[in-house]
Every structure is written in C-alpha cells, then in structure tokens.
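Only one structure is covered here, and it is reproduced in the block below.
Proteins come first, then strands; the chains are lettered A, B, ... in the order of their sequence lines, and each starts at number 1. Only this structure's heavy atoms are used, side chains among them; waters, hydrogens and symmetry mates stay out.
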Number of protein chains: 2
Amino acid sequence: MINSGTENTEQRILAAARRVFLQKGKDGARMQEIAQEAGINQALLHYYFRTKDRLYEMVYRQIFDQFFQPLMPILEADLPFDRFLQQFIEIYLESLRKNPDIVHFIFWELRRGGKVAARQIRRRFRSLGPDNPLLKRIHRAVEAGEIRRVDPLHFILSILGMCIYPFLARPIISRVFSELDVLSDEFLARRKKEIFQLIWEGIAPGNENMEEK
Amino acid sequence: MINSGTENTEQRILAAARRVFLQKGKDGARMQEIAQEAGINQALLHYYFRTKDRLYEMVYRQIFDQFFQPLMPILEADLPFDRFLQQFIEIYLESLRKNPDIVHFIFWELRRGGKVAARQIRRRFRSLGPDNPLLKRIHRAVEAGEIRRVDPLHFILSILGMCIYPFLARPIISRVFSELDVLSDEFLARRKKEIFQLIWEGIAPGNENMEEK
DNA sequence: GTCTATAAGTCGATAGAC
DNA sequence: GTCTATCGACTTATAGAC
C-alpha cells in the first residue's frame, strides 16, 4: 500500500477544491482556503497540482461532465414520448437538486467560450451516433405523429430552461416567497408535474384535464 | 458649468466599470483595467469612488435594476391573456438581446444571497400593489377562464426559464450549431413563436394548428 | 480634478528541512 | 509526502505635486 496516503490526500484536495471553486469561482477562490478546507498546507497543494490553473482545470472538467451525465441513460431507452418526457424532467430535476451549486458555476464559466462544455457534450453523445441524439429523439417523435410539429432545438431549450431556471433563481424565490424551498420534495414534485402538463397540454382553456398523467 | 468635466468623468468610469465587471465579475475585474477602459488613471478612480467595493456596488445595483425594469409597462396594460403573453415574451427577449452579458452576471451574483435582487423586485412592483402583480395577472386569467388552472408561480418560472435559457447557453449553442446565433433576428423571432405556441397549445398531437397566432 | 510614484497588503509559488 | 518560511509578482489604495 505504497500510495494509499497519496490517493487519499489527492482526493481530499479535489473535493475541497471543488467546494471552494463552486462557491467562489476561479478568481474568488484562494489556494490557502482550499488547503485549509483539505486539512493540509499550501505547499502540498502545489506538490500535487503544480498551479492553481491546473487544479482548476481538473475540477472544472469534472463539474461540466457531471452536468450532462445524468441524461444519457434516458436517451438509450425506447419509451413512448410522453413517458420519455416525464423521465427526462424527473431525472434532470433530481440531478440538479443533488448539486444545486453547479448551475451558477456552469453558466458563469460559459462566458469564457464553452469550449470544454461543447467537447464534453460531443464526447457524451458520441456513442449514440454522429447527430445529436436529443434532437433526433424529438424529430422522431414529430415524424411518428407522437407530438405536433415543433422545432426540436427550441423544444430542448424550453425544457432545459424550465428545469434549470428555478435552481438559478433560487435565492430570489426563497426571498420573495419566504416559506418556499426550491430543493424540497414538495416543490420539485409540483415542478415536475407543472412542466410536463404545460408542455403537453399548453394552457388554452379548451385543454383542461384532457389527460390525467 | 463647474462640474461638467466631473460628471462626464464619473459617467465614463461607471460605463467602463460596468463593461469590465460584467465580463470579468467582481473578483476577476482589475481597477487598472477599468481605469484604462475609462481613459484615466487608477488614482482618479479612487478619487471618485474610494474603493473597489463601492464602485462595484453602484454598478451592481444598476445592472440588477435594469434586468427587471422592461417588464413593468406590460403589467399595467390591460390585454387579453394571449396578447399579454406574447408581449411579455417579446419584450423580455428583446431586453435580453440588448444586454446578453447581463444574464451570466446576474445569476452568478445571486449566489451571494440575492438580497439586492429581491429588494429591487419589491421596489419595482410596489407601485402596483402589495401582492406580486405578475402572480396576480396569472391568477386573474385562471379565474376568468382565459387559461386552464395552472400554478401561477410555476407558470412564471417556466416562461422566464424559456426566455432566459438560450442566452445563458449561448456559448454552447453556437459551438454545437456553428451556424446559429442566438442574438440574430431569425433566431429570436423563431424563439418567440415557439415559446408562445408551446405554452398555449402544448405538444399533444391533437392540438396541431388549433390556432393561428 | 488629474497626474506620477509608491506604500501596504495579498496571493501564488518555491526552497529546503524533515 | 508533508511541513515552515519566504520570495516575487500583482493589486488596491494613498501621498503629494500640479
């Protein structure tokens, strides 16, 4: 067990760096704070990761990867479109609930160009063919008459926006409605239902209770 | 005209600070860069705004205020709900197009608690009564039978999410679809239409072309 | 009001002992 | 591998001349 202590330290550092970077961002984070959070000193940080840039790069990629990961399995299953939608929404909300800090970090980092994010997406999707499998799934549903003719890209942007936005706006929501917690079971169960119903039925008065899902 | 030069300089500083803070964030911004951007030196910055914190505070409030401002006039007009919705979407998309950098900045800053944001919202809405006028508008539409029974809060979160998300994800979108520009007339016109149709009709196959809006 | 020069402090990174 | 001590660069902020 030559390196047992080493791996432990390295993981502790990565975990600490992740917490600090997520909360403060790259510029706001301090190597000293990361060291302290990991229970070591600053010199040891540089021993393992040479520079702040390198350490950040590691954490950064891991975070981006985690953001797109949970959606993969649903794309491989072959469900009717309404079930697919419900699964998609539920899994994504659940994934966001587990890492609520990630969204702010991700979209802030995207200012820098989104190169890593785009590569991560492509890498994730590569196994499912050359074209974007999410777009393909929507397109297929349209062609099969499962849903009316929508623009697949805009449709995806709408779903993602509806899922992600409450987490982004969480600080405002909890201030404007002091009793409300975006991360609670109640809110998320309700959110899931409202997103699906809105997408599926719309709000036109004639559509009331057309389906009970 | 004793202070003519002064006001000019102050405004130039604020404009420069705004640009730099929006792009780099508070921690990433450098007083030197702001000075340079304003065409002055660093000492003069401190002469006008004493500290970086104070300067940031000014810019920060201005940016948050601007984010919620454009929605106000629509709430005062008395339109049928479908028209209200279309106006809301159009005006908000247009407002975001004019200041695409704002969204990343806003949601990143919200990590710190959203105190200023919440206060800004309340201040904006105060003139329209004690309750949130956006919620009230939705509620009224439900009671009047203009739309089916939706949860007003979730409905608002959905609209805002659909409007804001493309701007947040813009770097990814432009990389995954290299020909596509979120800020273009074509995209935004399409976006507006797709959001409204999705909200109004949903995607259930039976609803195809029920309305031509 | 505006400038140059610099003080005071912080931060990332390294040297060197153990 | 891990530590203490410290260097050197950068950054905010101020002193003082004009």
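Separating the CG atom of A/L45 from the C1' atom of D/dG1 is a distance of 13 Å, rounded to the nearest angstrom. Nucleotide C/dT4 holds its P atom 13 Å from the CD atom of B/Q36, rounded to whole Å. Taking atom OH on B/Y48 and atom C1' on C/dC3, their separation rounds to 13 Å, with Å as the unit. Here the P atom of nucleotide C/dT2 and the CZ atom of B/F49 are 12 Å apart, to the nearest Å.
For B/T9, no side-chain nitrogen or oxygen approaches OP1 or OP2 of C/dG1 to under 4.0 Å. Of the side-chain N and O atoms in A/N41, none sit less than 4.0 angstrom from OP1 or OP2 of D/dT2.
Looking at A/R190, A/K192, A/R191 one by one, the single match for salt bridge (Lys or Arg N to Asp or Glu O under 4.0 Å) with B/D151 turns out to be A/R190.
Residues B/F155 and B/H139 keep their aromatic ring centres 6.0 Å or farther apart.
Under the rule for a salt bridge (Lys or Arg N to Asp or Glu O under 4.0 Å), the partners of B/R123 that lie at least two apart in sequence or sit in another chain are B/D65.
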Expected string for nucleotides 12-18 of chain D under the B/S/- scheme (protein heavy atoms, under 4.0 Å, primed atoms plus P, OP1, OP2 as sugar-phosphate) is BBBB---

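Remark: B/K26 does not engage A/D27 in a salt bridge, criterion side-chain N to carboxylate O under 4.0 Å.
Put simply, CZ on B/R119 and CZ on B/F64 are 11.0 Å apart, with the number rounded to the nearest 0.5 Å.
When only modelled atom types and interatomic distance are considered, A/Q23 and A/R18 share no side-chain donor-acceptor pair under 3.5 Å.
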